[in-house]
Structures are given as C-alpha cells and as structure tokens.
Amino acid sequence: MRMTDLIAKKQDGQALTEAEIQYLIEGYTEGTIPDYQMSAFAMAVYFKGMTQEEAAYLTMAMVKSGDQLDLSAIEGVKVDKHSTGGVGDTTTLILAPLVASCGVPVAKMSGRGLGHTGGTIDKLESIEGFSVELSPEEFINDVNKNKIAVVGQSGNLTPADKKLYALRDVTGTVGSIPLIASSIMSKKIAAGADAIVLDVKVGQGAFMKTVEQARELAQLMVGIGHQVGRKTLAVLSDMSQPLGYAVGNALEVKEAIDTIKGQGPEDLTQLCLVLGSQMLLAAGRVTDLEQGQALLQEKIQTGQAFECFKEFIAHQGGDVKVIEQPELLPQAPYQIEMKAQRSGYISNWVADRVGQAAMMLGAGRATKEDIIDPAVGLVLQAKVGDYIEQGQTLAILHASQPQVDEILAYLQDSVTIADQASKPNLIIDLIS
C-alpha cells in the first residue's frame, strides 16, 4: 500500500477501504507518512468529500490511535453532549447536574477554551476550590455515587486527530465536513460515551454559517455514531446572537446557577430542555422528548437539579457558598454601560463580534499560554427583537480597567437597531 496511490484514489473521488484509512492514520501518527502527503490527502477530501462509511472508518482509526477511556464500571448508559461552539454557550454547566438529577450518569471530560471565553473547565474554575483533576478511580466513584463528575481532558486521547487538526489549520482544510465530523466524533467515542447528543450551532457566531452546512454536518455525525454502535442525536440551534445574556467565565457561571434554579434566560433554558430531553431519551430514561422535558422541568421546579449542582461542586472541592451566593464569584472592579444610540428594535447582535469583545476584555485566550481573567466579560441587557429607547443600556462591560473606549466602539458596531425586527427561532431542527 502506498500513500501516493491513496491520494490519487481520493482525487478521483473513489471511496477508500477501512484497511486503507487505517494504514494512512497509523502511518501519519507514527511519522512514516509525512505532513506534505497528508496535506495532499486532506485537500483531496476537502474537494471530493467522503462517504459516511469512510468517515466512520476515519473516526475509529483516530480513536484507536491513542488511549480510550473505559467507563464500563459506571452503572447505566453514559451520555455525552458536544456543542460545536458559540458565544455564551453555558449549557454543559446546566445540563450535567440537570440530567444527573434524573438519575442518568454524566461522566464528562471537558477542555479549556481558545477564543472568546474559556471552556467549561475554565468556567468551573471560577468557583473557588473546584478541582478538575480526579484520578480515574475518583472519577468513576463520583459518577456512581453522585451521577456526575466533570474533569479536564487527560491521557493520550486521539493523537491522530490532534496532529491532523493542526495540519488542517495551516492548509485551508478546516472546513471539510467529513474531517470536522470525524474529529468531533473520535473525541467523544474515545472518551467512553455510550450515546452522544450533538448541539450543532448555525449562524454568525458559529463555525457553520448556513443551515444547509450545519444539517449536512449533523446528519453525517449522527450517521457515524450509529455506524459505530453509538446512539447519536443532534439539534441544530441558532447562534446568530449570543445564547443567554452573559459572556464571560464567572458571569456565565452565575447565569447557569440562575437557569438551574428556574430563573435563567428564556433561550438558554429552552435549549437546555431540548438537549437534556435528548440525553434522557438516548439513555432510555424516558420514551419520548415530551416526557423528557416534563421530567427536567420538574427537577428544576422542585429544586432537585440545584441540589445536584451543589453536591457536584462540593464533591470536587468547590465552595458551595459560591453557588448559594453567586455574588461571591470573582467580580471585575469596573462595570461600564454601553448605551443605545437610537430608539428602535434590535435586529442584529453579531455573535462572534460580541465574543471578540469579551476576549478583548480578557475573558478568553488567543494562545494556550494566555491567562484568563475569570471576572471580566459582558452582560447583554437586550436581545434581538427587543424594543429599546435611545440612551437605554444595551450591555454592561465587566472590566479590569476603566478605559475600554476601543472595546465599546467595537461592540457598538456589532449591534443593529432598526424600525422593526423579529426574534430568530432558537431550535432549527432535530436530527435522529
């Protein structure tokens, strides 16, 4: 078998066999296939695509390139959830304890963030004392006892994916849908999930800008999951504006606490109920999505979800007082208001620009070495479709310094106020 033959085969639009894909992933991981040949192959895939079978073969080859977590000692169906990214995406902080309060084990491995805000791990570390470092035994025991644990990524999971993603990033092939799908699914499968729920974002604040692209990606990932024996469901959700109101780390933790107590933003609550009901369905806890949503709402209304959240934080060393009194979370020394420059309806909040403004304040990382300030960020005061008066506060910037004129100007350019506007549909499609 020769790499040049596999490149030519893909350039001709032919499907590769499982053995051929295993050969090229093993060779690339071991270093016998050089970057320039894998670059040519990635570009061929970018233009010619892959069948679902090929994408599944690629997914499992990357899974087998490194460690795989064995979660068989955890009782029940382990359901993982993945979001393709967004602005103000706090769903994991809410979904993990909410679903766990229904008796479904949530054994979650999350990462740190590059970009406008931190990842789930960074957000949780806004809570004093919270530890993301658990031994495998502690991790499994916590989930069996409390139905929930969230830890940082560890071990040598999917090294082939890490190496291939870095190559795609510098060769203009990041946008290949089969390569995106295989990358995401390989990490979820290697992390030990029995079933997977995918939140595929669509819009200006998302990687997939059109519904057609997002639907193609979601359908391929669901197909890959089923082909390799994982029950997989997907939601297409709108990311043309930030989800919820808060964009930051400690700020998003506070919003998550409000939401799990039943006092959160309408859109964030709705998405969590939809994703959570899919997780319950995938785990066999309920027989349909309506039953799932009713159970989740009951856990919120009775306070059981909030109690599960507190137990989760306590068992991983976090200060529960912070959950009961969110004002104890890190707070920025300056709060600066951004005012509306005219009256009218908000017709657009460019989500990725809002996220970039939060990053400029210090809420995110441009490189892995950057240090996040957990206190900074911004909180919107109005969303698309809302009517506002000239001079009304549109957003509050939580800053570490008083001079933020450049960021205010940048943020003003991200909002459009018009004579009329309508609210976007948050849930675009469900794919099973």
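Without hydrogens or angle criteria, Lys78 side chain to Leu71 main chain gives a donor-acceptor distance under 3.5 Å. Using a distance-only test at 3.5 Å, with no hydrogens or angles considered, a donor-acceptor pair links the side chain of Asp288 to the main chain of Glu290. The backbone N or O of Ser131 lies less than 3.5 Å from a partner atom in the side chain of Gln316, making a donor-acceptor pair. Using modelled atom types, no side-chain atom of Asp386 and backbone atom of Ala382 make a donor-acceptor pair closer than 3.5 Å. Of the possible polar contacts, one joining the Gln213 side chain to the Lys209 backbone as a donor-acceptor pair under 3.5 Å is found. Not one N or O on the side chain of Asp319 forms a donor-acceptor pair closer than 3.5 Å with the backbone of Ile127. Distance alone, capped at 3.5 Å, places no donor-acceptor pair between the Arg342 side chain and the Ala340 backbone. The backbone N or O of Ser135 lies less than 3.5 Å from a partner atom in the side chain of Glu138, making a donor-acceptor pair. Side-chain N or O atoms of Arg230 include none that pairs as donor or acceptor with a backbone N or O of Ala195 at under 3.5 Å. Listed for the Ser182 side chain is no donor-acceptor partner under 3.5 Å among the backbone atoms of Leu179.
Looking at Leu157 and Met109, their side chains come closer than 4.5 Å, going by heavy atoms from C-beta outward. With a 4.5 Å cut-off on side-chain heavy atoms, Leu220 and Ile180 do not count as touching. Side-chain contact between Lys299 and Cys102 is present, with at least one heavy-atom pair separated by less than 4.5 Å. A 4.5 Å side-chain heavy-atom check between Val404 and Leu361 finds at least one atom pair inside the cut-off. Counting only heavy atoms from C-beta outward, the side chains of His82 and Asp199 never approach each other to under 4.5 Å. The closest side-chain heavy-atom distance from Ile431 to Asp429 is below 4.5 Å. Between Thr259 and Thr90 there is no side-chain heavy-atom pair separated by less than 4.5 Å. Annotation: side chain of Leu397 is in contact with side chain of Leu408 (closest heavy-atom distance under 4.5 Å).
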- Run the numbers on Leu198 and Leu233 for side chain to side chain contact (heavy atoms under 4.5 Å, CB included), then give the verdict. CA-CA 6 Å; Leu198 303 160; Leu233 305 169; over 6 Å; no
- Message: Determine whether Glu212 and Arg215 satisfy the following criterion, salt bridge (charged side-chain N to carboxylate O under 4.0 Å, His left out), listing intermediate values before the conclusion.
- Response: CA-CA 5 Å; Glu212 292 73 25; Arg215 183 174 285 112; 5.4 Å; no
- Message: side chain to side chain contact (heavy atoms under 4.5 Å, CB included), that's the test. Do Tyr410 and Arg353 meet it? Break it down for me.
- Response: CA-CA 8 Å; Tyr410 184 85; Arg353 290 183 68 89; 3.3 Å; yes
- Given Lys108 and Thr92, is the side-chain hydrogen bond (donor to acceptor under 3.5 Å, both in side chains) satisfied, shown in steps? CA-CA 9 Å; Lys108 182 77 175 156; Thr92 294; 4.7 Å; no
- Should Met338 and Ile396 be marked as a side chain to side chain contact (heavy atoms under 4.5 Å, CB included) after you check the CA-CA gap, both sets of side-chain angles, and the distance that decides it? CA-CA 6 Å; Met338 169 188 156; Ile396 299 174; over 6 Å; no
- Message: Please determine whether side chain to side chain contact (heavy atoms under 4.5 Å, CB included) holds for the pair Thr91 and Leu243, giving the CA-CA distance in whole Å, both sets of side-chain angles, and the decisive distance to 0.1 Å.
- Response: CA-CA 9 Å; Thr91 51; Leu243 182 64; 4.0 Å; yes
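With values rounded to the nearest 0.5 angstrom, Ile25 atom CD1 is found 5.0 Å from Leu58 atom CG. Note that the CD1 atom of Ile257 and the CZ atom of Phe309 stand 5.0 Å from one another [nearest 0.5 Å]. Expressed to the nearest 0.5 Å, how far CG of Leu289 lies from CG of Leu281 amounts to 5.5 Å. Interatomic distance, CG of Asn144 versus CD of Glu75, reported as 4.5 Å (0.5 Å rounding). Interatomic distance, Thr269 OG1 to Asp258 CG, rounded to the nearest 0.5 Å: 9.5 Å. Between the OG atom of Ser101 and the CG atom of Leu295 there is a distance of 7.5 Å, given to the nearest 0.5 Å.
A cation-pi geometry, defined here as NZ or CZ lying under 6.0 Å from the six-membered ring centre and within 45° of its normal, does not hold between Lys201 and Phe207.
Here the shortest heavy-atom pairing between Ala363 and Val376 reads N-CG2, 3.5 Å. Shortest non-hydrogen contact noted between Ile148 and Cys308 is CG2-SG, 4.3 Å. Val104 approaches Ala283 most closely through the heavy-atom pair CG1-CB, 3.7 Å. When every heavy atom of Ala305 is checked against every heavy atom of Pro97, the shortest pair comes out as O-CB, 4.2 Å. Closest approach of Ala332 and Ala375 over heavy atoms only: N-CB, 3.5 Å. Trp349 and Val384 get closest at one heavy-atom pair: N-CG2, 3.8 Å.
Between the side chains of Asn249 and Ser126, no donor N or O sits under 3.5 Å from an acceptor N or O. In this structure, a donor-acceptor pair under 3.5 Å is present between the side chains of Lys339 and Thr393.
Note on Asp122 versus Arg365: salt bridge recorded, some NZ/NE/NH1/NH2 to OD/OE distance being below 4.0 Å. The pair Asp267-Lys383 counts as a salt bridge, with a side-chain nitrogen and a carboxylate oxygen less than 4.0 angstrom apart. Taking the charged nitrogens against the carboxylate oxygens, Lys187 and Asp161 do have a contact shorter than 4.0 Å, which makes a salt bridge.
Aromatic ring centres of Phe41 and Tyr46 lie farther apart than the 6.0 Å criterion allows.
Around the CD atom of Glu133, the shell of radius 6.0 Å holds no more than 12 heavy atoms that belong to other residues, nucleotides or ligands. A 6.0 Å sphere centred on CD of Gln420 holds no more than 12 heavy atoms belonging to other residues, nucleotides or ligands. Atom CD of Glu30 is surrounded by more than 12 heavy atoms from other residues, nucleotides or ligands within 6.0 Å. Applying the 6.0 Å contact sphere to CD of Gln392 captures more than 12 heavy atoms from other residues, nucleotides or ligands. In this structure, Glu128 places its CD atom where only 12 or fewer heavy-atom neighbours from other residues, nucleotides or ligands lie under 6.0 Å away. Within a 6.0 Å radius of OH in Tyr345, no more than 12 heavy atoms belonging to other residues, nucleotides or ligands are found. Other residues, nucleotides and ligands contribute at most 12 non-hydrogen atoms within 6.0 Å of the NZ atom of Lys321. Taking a 6.0 Å sphere around CG of Asn425, one finds it holds 12 or fewer heavy atoms contributed by other residues, nucleotides or ligands.
Within the structure, every pair that satisfies the salt bridge (Lys or Arg N to Asp or Glu O under 4.0 Å) test and touches residues 50-70, not counting sequence neighbours, is listed here: Lys10-Glu54.
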